[in-house]
Amino acid sequence: MSASDSMLPNTATYPVICIDGPSGAGKGTVAWRLAQDLGYQLLDSGALYRIVGLKAHQLGLLEQSDNLDEDALEALTKSLDIHFSPSESLGRVDIIVNDELIGNEVRNETVGGYASQVAVFPKVRQALLALQQDMALRSGLVADGRDMGTVVFPNANVKVFLTASAEARADRRVLQLQNSGQHADKAEILANIQARDVRDEKRSTAPSKAANDALMIDSSALSAEAVYTEIKRYCQDKGICF
Ligand code: C5P
C-alpha cells in the first residue's frame with residue numbers, strides 16, 4: 001500500500017456515493033435527497049471552495065486575478081475551521097466557519113467565480129482534502145463536487161457524473177432567480193457558466209471530469225425526479241440500498 005493509499009478512507013466500513021459534474025446540472029438537489037433518504041451525511045464540497053473564495057475576496061487576495069498568492073490562499077484555507085450541520089431548511093445543510101453560521105451569500109454566482117479562482121491551486125485543494133475524507137469515517141456519505149470520484153474518494157461505492165448542456169443549466173438558473181423574485185440576465189448567466197466550466201475542466205490539478213467507472217447521466221431533458229430515480233436504482237444495483 002502506498003503512502004497516499006493509506007490516507008484514503010475505509011469505504012468498506014461506510015458507503016460513499018459521489019456525484020460529480022458542472023454547476024447547475026442538479027447535483028445538489030439529488031445529493032441532498034439521497035442523503036436524506038439513506039440517512040447519510042452530505043458533503044457539499046463546492047461550499048468549501050466557495051467559503052475560501054469569499055474569505056479570500058474579503059481579504060483582498062483575489063485583486064490581482066492573474067497573479068494570486070498560492071501560499072497566502074493556503075494559509076487562509078488552513079485557518080478556517082469549517083463544519084457542516086443539518087439545517088432546518090429543506091434542501092440544504094448549514095455551514096459553520098470559525099463558529100459563525102454562513103449565510104446564503106456564499107451561494108451566488110459571484111462567489112462561485114471566486115471559488116473557481118481559488119480551486120485551481122493544489123495547496124488549497126490539499127488543505128481541504130482531510131476534512132472531506134474524514135467525513136466518510138463517521139457514517140455513510142453522499143459527496144457532491146467536481147473531483148469526488150476521481151481524487152477525494154477514488155474507492156467510492158457509487159460514482160455518478162451528472163451533466164447537462166450549458167444552455168439547459170442557464171435556463172434552470174434563470175427560472176430559479178425569477179422564482180425567488182430576482183433579476184436574471186440569461187446571456188450573462190450563460191457566459192458565467194461557460195467561463196467557470198472552462199476553468200474547472202482545464203485546470204491541471206483535479207479537473208472536473210468523470211471517473212472511468214462513473215455512471216454518466218445527461219440531465220438536460222430529465223426532471224429532477226427522473227435523475228433521482230435513476231441514481232437510486234444504480235445504488236440498489238450496487239447493493240448499497242434497497
Ligand atoms: O459546486 P459549486 O458550484 O458550489 O462549486 C463552486 C466552485 O468550486 C466550482 O466552480 C469549482 O471551481 C470549485 N469546486 C472544485 N472542486 C469541488 C467542488 C467545487 O474545484 N469538488
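Quick note: numbers below take in every heavy atom, side chains included, and nothing from hydrogens, waters or symmetry partners. Whatever order the structure lists them in is the order used to number ligands and atoms, beginning at 1. Residues: numbered from 1 along the sequence shown.
Of the options Asp237, Leu38, Val30, a side chain to side chain contact (heavy atoms under 4.5 Å, CB included) to Lys232 is made by Leu38 and by none of the others. The side chain to side chain contact (heavy atoms under 4.5 Å, CB included) test with Met148 is passed by exactly one of Val160, Leu141, Asp20, Ile17: Asp20.
Among residues at least two apart or in separate chains, there is no ring pair (Phe, Tyr, Trp, His ring centres under 6.0 Å) pair with a member in residues 200-221. Contacts classified as ring pair (Phe, Tyr, Trp, His ring centres under 6.0 Å) and involving residues 215-242 (residues at least two apart or in different chains) are not found.
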Please tabulate, for the side chains in residues 72-83, all donor-acceptor contacts under 3.5 angstrom to protein atoms that are two or more places apart in sequence or on a different chain.
from, atom 1, to, atom 2, distance (Å)
Glu74, OE2, Lys78, NZ, 3.2
Thr77, OG1, Leu73, O, 2.7
Ser79, OG, Leu76, O, 2.6
Asp81, OD1, His83, NE2, 3.4

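Arg125 approaches Asp147 most closely through the heavy-atom pair NH2-OD2, 2.9 Å.
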So what's ligand 1 close to, N/O to N/O, under 3.5 Å?
from, atom 1, to, atom 2, distance (Å)
ligand 1, 1 (O), Arg146, NH1, 2.9
ligand 1, 1 (O), Arg146, NH2, 3.4
ligand 1, 3 (O), Arg50, NH2, 3.0
ligand 1, 3 (O), Arg146, NH2, 3.3
ligand 1, 3 (O), Arg196, NH1, 3.1
ligand 1, 4 (O), Arg50, NE, 2.6
ligand 1, 4 (O), Arg50, NH2, 3.4
ligand 1, 10 (O), Arg146, NH2, 3.4
ligand 1, 10 (O), Arg196, NH1, 2.8
ligand 1, 10 (O), Asp200, OD2, 2.7
ligand 1, 12 (O), Asp200, OD1, 2.6
ligand 1, 12 (O), Asp200, OD2, 3.3
ligand 1, 16 (N), Arg125, NH2, 3.0
ligand 1, 20 (O), Arg125, NH1, 2.8
ligand 1, 20 (O), Arg125, NH2, 3.4
ligand 1, 20 (O), Arg203, NH1, 2.9
ligand 1, 20 (O), Arg203, NH2, 2.9
ligand 1, 21 (N), Ser45, OG, 3.0
ligand 1, 21 (N), Arg146, N, 3.1
ligand 1, 21 (N), Asp147, OD1, 2.8

